[in-house]
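Start at 1 and go down the list; that is how both ligands and their atoms are numbered.
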Amino acid sequence: MELQLSKHSVQKLKFVGESKSKQLKKIGIETIEDLLFHFPRRYEDRSNLKKISQLVPGEVETLRGKVTRVEIVKPRPRLNILKCYLSDGSDVIAAVWFNKIYLKKSLKRGTEIIVTGKVGGGIWGKEITVRDYEILSEQEELHSGRIVPVYPATEKVTQRFLRTLIWNALQKYCDNLVEVLPFSVRKKRKLASIGWAIKNMHFPDNFQVLEKARKTLAYEELFILQTALAKIKNNFQNAKGISHLTDNSTIIEFKRSLPFLLTGAQERVWKEIQEDMESASPMARLVQGDVGSGKTILAALALVKCCAGGFQGAMMAPTEILAEQHFLEFKKLLKPLGFSVELLVGSLTQGEKEKILEKIKTGTLDILIGTHTLIQEKVEFKNLGLVVIDEQHRFGVGQRSALKEKGYNPDMLVMTATPIPRTLALILYGDLDLSIVDELPPGRKEIITRYVAEKNRKKVYEFIKQQLKMGRQCYIVCPLIEESEKLDLEAAQTLAEKLQNQVFQEFKVALLHGKLKTAEKEKIMERFRDGEIDILVATTVVEVGVNVPNANIMVIEGAERFGLAQLHQLRGRIGRGKHQSYCILMGNPKSEESKKRLAIMTKTSDGFKIAEEDLKIRGPGEFFGTRQHGLPELKVANILKDQKILEYAKRDVSEFVAGRLQTTLEEKERIQNIILHNFNFKSL
Ligand code: ADP
Ligand code: MG
């Protein structure tokens, strides 16, 4: 009989009552399954403990011995020393505790104990000052003489308690663990059984065994995750979508009207998009291209194709500034073709909004651009044929499907500049097809990036002045004062005023920040684009998407406070025109990590390299944060170390979903069930 461990409370276990189960819940353990999957944080090798006679004075050592005698010494008032003499047959040593006389009652003669501490000694014999100890019980094999698991624990849920609890649960329930992976896969990849893997993940006999257990579990985890993503993709592709079959004349006309030719990479990706749009299954394509690679024009092409066939298109961007920029550009590009474009953002008046909503509903509007306002209830399209999501990493997976829901299986194009290492893209975007724009438009010069120390601030200002005199423009990004948006704003205001009044009197300085009304933001961006403003002091509102090719200097204040991905995005605002661009990192990096980040920035402008370094510095946990991507957390697999496993799992999954993997019906159903239970498809 199959016992569903996920349905059995830990209260079923010995030693777990009402209050213990509450304490366990705090570390995420409610069911027996949770407990068995509560993996060690690290392991301690206690398999080869030294004999007392071999201990080296002055070193921190760990030893195991039997209590022969306990005494309490009171050398002065308020100081009690507990001395517990331990023997292991080779010699005797006194374990010493200060002011812990209550321990005396647990240290009965004959009790076995493990202690770690600094070894000393004098004329009265060897001593060890205890830092850490464990009293061994009947189940002493759990806590010593072996590789011992060290768990995420709390004061109330101690290591010893967890170890014993998990050990007991393993004895009793390990055989009830359900094998998830099909037998054929386990055989092909030489994986262990789930029961064996779980047991050895907790109590391995040696480190080789542990690695095999870990690999098995990591493989299973990645197999399930990727199967779920593949399923979403399949569901989507099997749905009947729109074939955007139009004659090519509008596209040709549009391309001709552009002031430039598409790059090779843009042409290639456009072809991929076109094929997707023409096919009857809905497009789900991710276009990844470094900052400045020219993704917007691909969105415009797709929208033109969509509207030429009489359908409506929508484009969602994460900030109002970016939405507005797209709106202005598309209006300019698409009006001549006879397509109407509107902007829907939160700050419109009720009347304005209603007018636009009406046009969308009746179908008199072709293209709607906006922020997350687009996914609000009131927005109803007559015949939505394409949704474009720009800077998609800023949206949750849920938000991108919400926009899709506004139509009947419309095509979906998502764009991101967040350069994601290939392995990560395999997981994160397993449900999307991937196109990569791996070429920058011609004539771009490599951005020169320097770290400048505070004492050279004057020189930086002199340099900026020279450039401004030649007609260029400059961004100065304010430091993040993480605790408070209000403080951020004040700092920005102070900086802008100081620059205008004391440094750049003969130039125009303006401040742009998130708290401004949309109309004001628009006005400032318009004046910056038109060259009326020379220096734009900004908070990170300019981080994504903003495109003013004449601006060629980016000064980032307090650069050490920004993450690599963000620095790269900020720097991406320049280097967009024909002029040599300069990125100046100011600040005072103190930690090794922040120094490293800035060094990477000065060395490379390749987004992929930067992302890889970022992943290394931040670690997969943070990079692969659940919140950001709406995907489940990985418990065992480490996408950095386990790239091979990831690739293998990917291969097996595609065989599996194509029905080419040898499986029994039961195995198939089991995987389907697990996916149904563990993945919330609605939110995906
Ligand atoms: P991103 O990929 O960061 O969204 P954009 O789409 O904003 O980049 O494009 C950056 C700049 O490059 C824009 O000014 C755009 O007009 C220009 N651009 C795009 N494609 C080309 C091209 N093929 N040739 C020349 N300039 C281009
Ligand atoms: Mg862009």
Side-chain angles (χ1 to χ4, degrees), residues 251 254-273 285-304 315-334 369-371 388-395 413-420 434-447 472-473 475 525-526 528-531 540-552 554 565-579 581 583 605-608 610-611:
I251 291 290
F254 177 55
K255 276 190 179 173
R256 239 185 240 141
S257 74
L258 294 176
F260 49 74
L261 289 174
L262 295 188
T263 63
Q266 282 169 322
E267 282 289 1
R268 195 188 67 237
V269 174
W270 169 234
K271 220 169 133 213
E272 290 165 354
I273 294 171
R285 184 165 290 279
L286 173 72
V287 174
Q288 194 183 323
D290 212 345
V291 284
S293 60
K295 295 181 292 294
T296 317
I297 204 67
L298 293 168
L301 278 159
L303 287 166
V304 167
M315 178 151 166
M316 182 160 77
T319 65
E320 290 198 347
I321 290 181
L322 186 52
E324 198 235 356
Q325 175 182 296
H326 287 328
F327 167 65
L328 293 175
E329 188 171 355
F330 287 7
K331 209 162 65 172
K332 192 174 74 198
L333 290 172
L334 306 183
I369 294 176
T371 52
V388 183
I389 294 156
D390 194 17
E391 306 290 351
Q392 88 100 30
H393 57 282
R394 289 297 204 87
F395 295 102
L413 187 64
V414 299
M415 309 199 295
T416 186
T418 296
I420 298 158
L434 188 62
S435 290
I436 299 180
V437 190
D438 51 5
E439 183 186 347
L440 293 178
R444 297 274 174 85
K445 295 195 182 75
E446 178 99 359
I447 298 169
R472 302 288 84 73
Q473 288 163 284
Y475 295 97
M525 279 314 291
E526 192 181 311
F528 190 58
R529 262 191 296 269
D530 292 347
T540 49
V541 291
V542 299
E543 182 188 335
V544 291
V546 170
N547 183 42
V548 180
N550 187 51
N552 73 330
M554 165 65 64
Q566 213 174 6
L567 288 171
H568 183 64
Q569 268 284 351
L570 285 168
R571 180 169 60 183
R573 296 316 105 217
I574 56 171
R576 292 178 160 252
K578 53 185 187 298
H579 307 289
S581 291
C583 176
S605 54
D606 179 335
F608 283 85
I610 289 176

Listed partners of Gln566 passing side chain to side chain donor-acceptor pair (under 3.5 Å), at least two apart: Glu543
Spacing of CG belonging to Asp390 relative to CD belonging to Gln325, to within rounding of 0.5 Å: 9.0 Å
Side chain to side chain donor-acceptor pair (under 3.5 Å) partners of Asp438, counting only residues at least two apart: none
Contacts of type ring-ring contact (aromatic ring centres under 6.0 Å, His included), residue Phe330, not counting sequence neighbours: His326
Donor-acceptor pair, side chain of Arg268 and main chain of Ile436, under 3.5 angstrom: yes
Lys578 (side chain) donor-acceptor with Gly443 (main chain) under 3.5 angstrom: no
Close-range residues for ligand 1, whose non-hydrogen atoms fall below the 4.0 Å threshold: Phe260, Leu261, Leu262, Thr263, Gln266, Asp290, Val291, Gly292, Ser293, Gly294, Lys295, Thr296, Pro441, Arg444, Asn547, Pro549, Arg576
